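Take a look at the structure below.
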Amino acid sequence: MLLNSLQVAGLRCFRNPVALTDFDERLNIIFGPNETGKSTLVWGLILAFCNRHDVGGEQILAYRPWGTDLSPTIEVEFTAGGKRYRLEKGFLDQAQCILSEKAGDRYLRLADGKRADERVREFMLARFPARGLAKGSDWGLAHLLWMPQDKERFASPSLSRHMEDHFRQAVGATLFTSRDNRLLQLIDDRYAAVFTPKTGQISAKSELNQVRTQRRKLEAELKEARDRLENISVKSSQLETKEKQLYQYQQAIQVMEKNLTLLTAQVETVKELKSQITTAEAEQKAAVETWRLLQQDWDQVQAWTKKSQDADRIMKDREKELASIRPLVKKLQEQVTAKQVDIVDLTKALKSTNRKLTHAYKLKQSQDLLTEINKIKQKYTAAQQLEKDILNFQTELSQKPVPTLEQLQNAQQQQQQIEIYKGQARAQGIQVDFRPDRDFKITVITDEGKEEHSVGPKHPLTVTATGAEIQLEIANVGTFTIKSGAAELKEILDQLSMAKDRLAAILQTCQVESVADLQARYNWAQKIQQQIDNLKLKQANILGDHDSIDELKHEGIVKNQQLKQQCQELGINIADLNAALVADTAELEQQTKDLEIKQDKAQKELEALRKELQDKLDRQRTLEQEINEHQTLKNTAGEELKKCLANYRGDKQQLEQSLKKAQDDKEQKTRVLTQLKNQLPPDADHLERTAARQKTELVKKQQETFSLREEIAGLRAEINLHSEEGLYSKIGELEEKHEIVQGHYRWLAAQAQAIKLLYQLAHARHEAMLTSLTDPIREGINDLVRHVTDRPNRRLELAADLSLAGINISNEELPQPIDAFSIGTQEQMLLLTRLALAHFLSADERQLVVLDDSLVNSDSWRRQRILNLLNKAAADRMQLVILTCHPDMYRELPGKRYDLASLM
Amino acid sequence: MIRFLHTADWQIGMKARHVASVGDKVRAARLQTVRRLLNAAVEEQADFVVVAGDTFEDNQVDNRMVHKLMSIMEQCPLPIYILPGNHDPLTPDSIYLRPTLAGNLPSNVHIFTNPDPVEVLPGVILLPAPNFTKKSTSDPTAIWPDISSDTINIGVAHGSLMIEGRYQADDFPIALDAAERQKLDYLALGHWHSLFSVGQRTYYSGTPEPTGFDEPGSGCALLISIDGPGEEPKIEALETGTLKWVRWEYDLGAGIDELRRWVKQRVEEFGKPETVLLRLVLAGHLPSDGGAQLKELSEWLAARLLYVDIDTSRVLTQPITANLLNMARSQPFVQALLSDLKVTAEVLGQPLTDLPPELTAGTGPSEELLNEIIKKGFLAEDAAQAIRVLAGLSEEV
């Protein structure tokens, strides 16, 4: 559809009619300042094409010019499908709609009123709402191509089913018919009847849910009833078990009672037998006791008799042995006495020999001591002589001061230093080279003193002074002074002077004149000291272990005293000592040894004899003692025997006869007892306890039986009580109800599943078809985007319903929301989207596309590209109407221009 | 000569989950049958009535039912001898030991609580074999003592005759020659619900009121006449059933219209259609629009019969309808959706064979969506059912 002319009146800022005629079929630029009504013209078009003429409500009132009762009227001439039409539309007080078609030079009315509204709506593929003004999504083509390009339009789904059809036809995509829409809607309705579309859960008010709830309720009731019935079944089982148990108990009680009767009879028999046994045991016990006492007496008589006989026999044996021992004792005593005499003689001889040997030893010792004293005397004399020599050398050394090595080295060092200073002074000092033409005496006075020189033509005076000045004294002529001009000389001379002082001090200490003297003194002292050391070494060798001569001397005195004492002991003078004869000590020692051996042997023999004697004496005493003891025992036995037989008139035979009788009696009683015991059953002791235990068990079992009867009665009562409840019938009814509900539920659930599956598949298919429909449009838009932005990776992303999803910067990333981009980019994207959509929508015929100041924020480079696109689009298949307050921006574009301000 | 009524397996208080919607009526009908049966005994001048076990469905049957039955039996002038069976055995919780029954037992009703022979009439001995448990591998008739052949001896037992393939070892097996062995004039058996006999003296009377659709030969009682000891008994079956349990099988090969005609014709043959419970088992292929026709037939039957169950588990129904096919031809969306459902069914393990290949050649849903469908636990039947739903919706578009 393209616009030929537009006239509005009574519409917002247009109180009076304003007409824009003869629109160019390609490009039209309507310009004017702000608030001159550029956008109002678009709203006028939308009012005319997308709303009923008789629309009411507050919204249409807002289109009146402010503060007036004027009614909006719009007259439009347009071309659609190759035909030219005129639409005359008025609202509110001038409500009317007339659609005319141009035939020749005039218009022929095609329709008016609602029919005309409907015809116009069809041109726009729009929808009329039930009441009020149509919303943007109802506007059809106008929504996509005319309305101001704002983000809201792209954020919400924009494709009505009519539009989809239109697009589909435009792009040649698979057809999605209105019948398909209705089918889809039916599927949705059927789905919504069962499921909540948002969550996909079964909806609470759905029949499926209600039946499911009913089924669950029935199942719960059924479970409760079955549980209760099961409980009764359990009780029945318990009852059956208890009854079986009761029967077993009753049987057991019968058996137990029978056993107990038998057992009680046995117990009575055993009791009687036990009584007899008790009596027999008492009799047997008395007989045993009688026998025991007699046996005891008999045993004692036998024992004492034996003891007396034994004592007598032993005494005889001992006396015989004693008689044999006594002569032996006497003989041994004699041998001991003889041996003791021998030992006394040997001891005397040994003492004599020892005395001789001791004398010989002492004499020899004294002679040795004397020899030693003489050696000490010789050493003492030699050491004294050496001491004297050392003293002499030390006296010589002490007469002259001797320099230390350090002093000597210091002096030598000072001497060297002086020489160095002198050299330095000489270098800085005064040199005189004087050759007079005649001989005369001249005295040269330097720091070192006066020196007289004879000078003449053959004896030139050559002086090298180290001082600061030299005085030349010429007799009778006078003295003249030659001074050095060197500045450092004084310092050198001061150092030299100090060195000389230090050297002089050392030399003075050692009382020598020069360093050479000091060296000679030092060497001399070293030599003397060496000799002293040699003498001391010799002396030390003589003294040996002694530390001093006095110590050596003291040792000599001590040893001399010892010798004197030894000589005194020996009764000999020292002078005679060496002449005295010394006995042969070896011979004496051998004699002593032999005597000692003999003595030891005699001593051992004596000891042996003494021991043997002692043994015999001991045995003799023991025998005598034993004889006495056994005599006493024999006496006692006799006494005891008498006592034992006192009750039997002292007759042992009478005792023996009584004992035999008691023995027979005891054996007879024991036999009787054994016989009685043998009659007792093996478990006689347990029989009574067994009977008691069985009786207890019987009572217990009877009590248990009683309890069991009570339990059975209780269980029966419970079961009977339950029978009154009608639970079995109730379960039957519930099961039947459940069966019906379950069948219904299964059918509904199967239906629901089928609907759910159908819903998912149908929507997925619808989505896929929409995608196939919109893909070419996407590609168209992105061709434009790439052309304008010159960025090949940049893509505008559209949803299946062509709503704007964002801009993709690179293939890998998710699309960025359009808000993330600059205002300029946003307006470019929206404009390009409109152009792309218009491109497809104008496939069959030229379409009117309105652009309302769409490039205000774009840079000149992109704007230029877009202007080129607009120019091309207008040339190809679109009628562009550009509304702007910046007409210069579009000056390059051809087409017709309308100055809105001049038209008002 | 004596004459008595042999019946068994009244199963009073029976649960009827398999015909849940008419459970109450089924239970009520059993009492009504007992009443009719006892009246028949009186009319036929029977001397007494023998119930050979399973008078009650269970020992737990509640007192309301017990009272109702007692009331009916009380009104009967004949002695009624009741044998506890495997459903109501003489366990400690037996219904026969319940004070409600034991304490209010009508004077004409006798319960066999032990196997001792009972002389019910001079020269007429009943040898009962009550069940004391729900299961047993012992022959209940083996405990009977030897008895004089000068009397008319009638054994009463509850169990399974030991016929190969027809009994289980723990189901109270009864020797086939039990009657001969015990020199019985007649052996009245209970447990099998259909009329059955071995020789001339051993009979199952069957249940007087069928309990399900698979009990041919049930719904009767036996009137027994014996002239004297050793004489061959004369057997007469009395029809007693209140409700008619019918099971029909039909192959849909001839089309659903033919089915409708066939069914209607047969229903018209029922004397009292309101007492009929019908299970119609269908087989073969059902056209896609056959569901609606079947529904219509079901409603027609339900209006006439007591209960209707049309079993289509053996029917292969073509899910797609002509209308849906037309839509698929003209609407790519529908065609693609059908392809999606077909592929989904294949993936879920049950391909849909009745879909025209040219209309379901699409690639199907995305792999991601298929995985999601599998993950959500959809079944192949859901896909087939979805096509049926789609077919239904196609009618509304």
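What you see is a predicted model; the values in this text were computed from it and never measured.
Contact annotation for B/R64: only side-chain heavy atoms (C-beta onward) come within less than 4.5 Å of a heavy atom of chain A. Proximity to chain A (any heavy atom under 4.5 Å) is shown, for B/S366, by neither the backbone nor the side chain. Both the backbone and the side chain of A/I187 come within less than 4.5 Å of a heavy atom of chain B. Neither the backbone nor the side chain of B/N59 comes within less than 4.5 Å of any heavy atom of chain A. Contact of B/A384 with chain A is not made at all, since no heavy-atom distance falls under 4.5 Å. Heavy atoms closer than 4.5 Å to chain A are found in both the backbone and the side chain of B/S21. Proximity to chain A (any heavy atom under 4.5 Å) is restricted, for B/I373, to the side chain, taken from C-beta onward. Both the backbone and the side chain of A/E240 have a heavy atom closer than 4.5 Å to some heavy atom of chain B.
Most heavy-atom pairs under 4.5 Å with chain B: of the set A/A764, A/A762, A/G743, this distinction falls to A/A762. Annotation: maximal heavy-atom pairing with chain A below 4.5 Å, among B/L369, B/V22, B/D382, occurs at B/D382. Most heavy-atom pairs under 4.5 Å with chain A: of the set B/E381, B/M65, B/M327, this distinction falls to B/M327.
For the side chain to side chain contact (heavy atoms under 4.5 Å, CB included) with A/L758, the qualifying choice from B/L390, B/I387, B/T344 is B/L390, the only one to do so.
One finds the CZ atom of B/F333 at 6.0 Å from the CG atom of A/L183 (value rounded to the nearest 0.5 Å).
A/Y728 and B/Q60 get closest at one heavy-atom pair: CB-O, 3.0 Å. Heavy-atom minimum distance, A/Q760 versus B/F378: OE1-CE1, 4.3 Å. Closest approach of A/S236 and B/D93 over heavy atoms only: OG-OD2, 2.8 Å. Shown here for B/L337 and A/L761, the closest heavy-atom pair between the two residues is CD1-C, 3.7 Å. Across B/V389 and A/A754, no two heavy atoms sit closer than the pair CG2-CB, 4.1 Å. Taking both residues in full, the closest heavy atoms of A/R716 and B/P92 are given as NH1-O, 2.7 Å, listed atom of the first, atom of the second, then distance.
Heavy-atom neighbours of B/K25 NZ from other residues, nucleotides or ligands within 6.0 Å: at or below the threshold of 12. For B/E367, the CD atom sits in a loose shell: 12 or fewer heavy atoms of surrounding residues, nucleotides or ligands are nearer than 6.0 Å. Residue A/K756 places its NZ atom among more than 12 non-hydrogen atoms of other residues, nucleotides or ligands, all under 6.0 Å distant.
The pair B/R27-A/E736 meets the salt-bridge criterion, since a charged nitrogen lies less than 4.0 angstrom from a carboxylate oxygen.
Put simply, the side chain of B/R17 never gets that close to the backbone of A/E733: no donor and acceptor are under 3.5 Å apart. Between the side chain of A/R182 and the backbone N or O of B/E396, no donor-acceptor pair lies under 3.5 Å. Judged by distance alone, the side chain of B/D62 and the main-chain N or O of A/S729 form a donor-acceptor pair under 3.5 Å.
Counting heavy atoms from C-beta on, the side chains of A/I731 and B/K15 come closer than 4.5 Å.
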| message | B/T91 vs A/L239, test: side chain to side chain contact (heavy atoms under 4.5 Å, CB included). Steps then yes/no. | response | CA-CA 9 Å; B/T91 48; A/L239 180 62; over 6 Å; no
